[in-house]
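Reading through the structure tokens given below for one structure.
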Amino acid sequence: MLLPIEIPGSEGTPLVNWLLNLVAEQKQVIKNQGKTIADLERKVAGLEKQVKSLDEELKAAKKLKSRPKIKPSTLNQEKKTPQEGEKRAGSERRSKKTSFVPDQERLIS
């Protein structure tokens with residue numbers, strides 16, 4: 001066991017020896033937990049790959065579309081104002097009388 005400070009044998013009381021053993025046990029526990037964590041991280045990485053491939057298969061089976069393409073907001077942009085003399089599309093008015101063609105003519109008496 002390596003400690004940053006060497007304890008002389010004369011100061012090796014039962015309490016000090018018990019604490020040194022406790023520190024050594026804790027180091028071993030931490031080392032074992034590090035190995036366990038590394039193993040679990042490898043397992044999780046493998047499962048993430050499987051989940052991604054299963055998600056792709058599910059989308060293909062359901063024939064789902066990809067994410068929608070949403071255009072950016074135009075709220076903060078300047079609006080185009082029509083120039084003088086220009087009108088918006090569909091705003092023209094026309095007389096209906098000139099374009100009306102009757103199908104039949106009847107004389108009512």
Side-chain angles (χ1 to χ4, degrees):
M1 126 180 83
L2 296 173
L3 293 176
I5 302 172
E6 286 296 321
I7 299 175
S10 62
E11 294 181 13
T13 64
L15 178 62
V16 171
N17 290 334
W18 180 79
L19 289 174
L20 290 175
N21 289 335
L22 182 65
V23 169
E25 289 174 11
Q26 291 299 318
K27 282 184 179 181
Q28 188 62 34
V29 167
I30 291 171
K31 186 177 180 181
N32 291 340
Q33 286 177 344
K35 290 178 185 178
T36 303
I37 289 171
D39 292 341
L40 291 174
E41 285 176 346
R42 281 193 295 270
K43 285 181 183 179
V44 167
L47 291 175
E48 284 177 350
K49 290 177 185 177
Q50 289 177 353
V51 167
K52 286 180 183 178
S53 65
L54 289 175
D55 283 343
E56 291 171 1
E57 288 180 27
L58 185 61
K59 284 180 183 178
K62 288 185 175 181
K63 297 179 184 176
L64 296 176
K65 296 179 182 177
S66 62
R67 297 182 77 184
K69 295 178 182 175
I70 300 173
K71 295 180 182 178
S73 173
T74 58
L75 288 177
N76 296 332
Q77 296 177 356
E78 293 183 24
K79 295 180 181 178
K80 290 185 178 180
T81 56
Q83 305 275 332
E84 285 185 36
E86 285 187 23
K87 292 186 176 182
R88 294 187 330 195
S91 65
E92 294 181 14
R93 301 281 183 195
R94 58 188 171 103
S95 173
K96 293 181 182 178
K97 292 181 181 178
T98 59
S99 64
F100 179 73
V101 178
D103 294 336
Q104 295 179 353
E105 288 188 23
R106 292 187 184 176
L107 187 58
I108 301 175
S109 39

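Model, not experiment: these values are computed from the prediction. Counting begins at 1 with the first residue of the sequence.
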Kindly give the cluster partners of Leu15, where membership spreads through any ILVMFWY side chain lying under 4.5 Å from a current member. Trp18, Leu19, Leu22
When clusters are formed from ILVMFWY side-chain contacts under 4.5 Å, directly or step by step, what else is grouped with Ile30? none
Salt bridge (Lys or Arg N to Asp or Glu O under 4.0 Å) partners for Asp55, two or more places apart: none
Under the rule for salt bridge (Lys or Arg N to Asp or Glu O under 4.0 Å), what residues qualify as partners of Arg106, not counting sequence neighbours? none
Residues pairing under side-chain hydrogen bond (donor to acceptor under 3.5 Å, both in side chains) where one sits in residues 34-54, two or more places apart or in two chains, turn out to be Asp39-Arg42
